[in-house]
There are 2 protein chains.
Amino acid sequence: MARKKKEEIPESCSCTIIHEDRINRVRKHMPKDEVLFNLAELFKSFADTTRVRILYSLFKEEMCVCDLSAFLGMTQSAISHQLRILKLARLVRFHKVGKVVYYSLEDDHVKEIFNYGLAHINE
Amino acid sequence: MARKKKEEIPESCSCTIIHEDRINRVRKHMPKDEVLFNLAELFKSFADTTRVRILYSLFKEEMCVCDLSAFLGMTQSAISHQLRILKLARLVRFHKVGKVVYYSLEDDHVKEIFNYGLAHINE
DNA sequence: CAAACATATGAATATATATTCATATGTTTT
DNA sequence: AAAACATATGAATATATATTCATATGTTTG
């Protein structure tokens, strides 16, 4: 009575591939893994309320760490750690004046990305 | 010898607020906390390689879970869990034909956001 | 030079989240 | 109805990450 007909489970996918044609067309246009990875990494930089608030603050004004800390009601350390991530993602730039470090947006991509994000939220 | 002059540490920020004027100008233009939170939540949906790959796959073709699973070389379960997140973020839509569920992009915001993301990466 | 201060950072902790595994749900087919 | 199948989902585990705490670095000022 043992009932085991279709014994050939394919690979990682436990199901039958239904649309080889679609997969082949999609494959042609997929960016390299590295690009997709970098894209996800970039969005990780936006994927935190604190970092979003920091970036939004810098839309209008250049600000120092102390300003951001006071304005956002968070410790200097927390802000500084997050600014490091934003620096690594090349989303903010900075310049020092004495002991004060002023941060500003690196380019306008952030604003544009945020605007489309808001458009999606408000639709 | 106890040397404790400036004893009045302000609030969450351990430093002196330097630019009250900047903070006040920024405050005027900050979106509500809820909006900033939702924006971060939206970007969280993009902040994972698997989800980026799923979304990119759907740029060109509507695909079923099985297609995505086979194409991306991941288990059906993993794909399905991630699709749930994309559904909750209203980034993908789906329709059922028999037992097959076809997924597609909800709107064009994703493409636009990705394009600006790529622009930032490639600059 | 010492004190004050703005900022940065390593380590620890707490929390979030991606994947796996097992199984459930719902549909089709025989 | 039972088998096959596509998909969904709860629980467990492993990993990533945000914040805190303590402290380091570098600059200014008395």
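These values consider heavy atoms only, across backbone and side chains, with no hydrogens, waters or symmetry-generated copies. Lettering of chains follows the sequences in order, A, B, ..., and the numbering in each one begins at 1.
With contacts defined as side-chain heavy-atom distances shorter than 4.5 Å, the pair A/Tyr103/A/Glu62 does not qualify. For the pair A/Val26 and B/Tyr56, the minimum side-chain heavy-atom distance is 4.5 Å or more.
A continuous path of Ile, Leu, Val, Met, Phe, Trp and Tyr side chains, each step under 4.5 Å between heavy atoms, connects B/Val101 with B/Ile79, placing both in one hydrophobic cluster.
A cation-pi arrangement is not found for A/Lys96 relative to A/Tyr102, the charged atom failing to lie both closer than 6.0 Å to the ring centre and inside a 45° cone about the ring normal.
Listed candidates were C/dA18, C/dG26, D/dT7. Nearest to the side chain of B/Cys66 is D/dT7. Distance from the side chain of B/Lys99 is smallest to D/dA6 among D/dA6, D/dT19, D/dT28.
Ion pairing of B/Lys87 with B/Glu106 is absent here, as no side-chain N (NZ or NE/NH1/NH2) approaches a carboxylate O to less than 4.0 Å.
The stretch residues 43-59 of chain B touches DNA chain C through B/Lys44, B/Asp48, B/Thr50, B/Arg51, each having a heavy atom under 4.0 angstrom from the strand.
Atom CD in A/Gln82 sits about 11 Å away from atom P in D/dT17, given to the nearest Å. If you take CZ of B/Phe37 and C1' of C/dA16, they are 12 Å apart, rounded to a whole angstrom. One can place NZ of B/Lys96 at 8 Å from C1' of C/dT27, the figure rounded to the nearest angstrom.
Across all strands shown, A/Leu68 has no heavy atoms under 4.0 Å from either base or sugar-phosphate atoms.
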In B/S/- notation, 5' to 3', how is nucleotides 8-14 of chain C contacted by protein heavy atoms closer than 4.0 Å?
BBBB---
What does the 5'-to-3' dot-bracket notation of DNA chain D look like when only Watson-Crick and G-U wobble pairs under 3.5 Å count, and pairs to other strands show as |?
||||||||||||||||||||||||||||||
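A distance of 6.0 Å or more separates the ring centres of B/Phe46 and A/Phe46. Here B/Tyr116 and A/Phe114 keep their ring centres 6.0 angstrom or further from each other.
For the residue pair A/His19/A/Asp21, the side-chain donor-acceptor check at 3.5 Å is not satisfied.
To the nearest 0.5 Å, atoms CZ (B/Arg25) and OG (A/Ser57) are separated by 13.5 Å.
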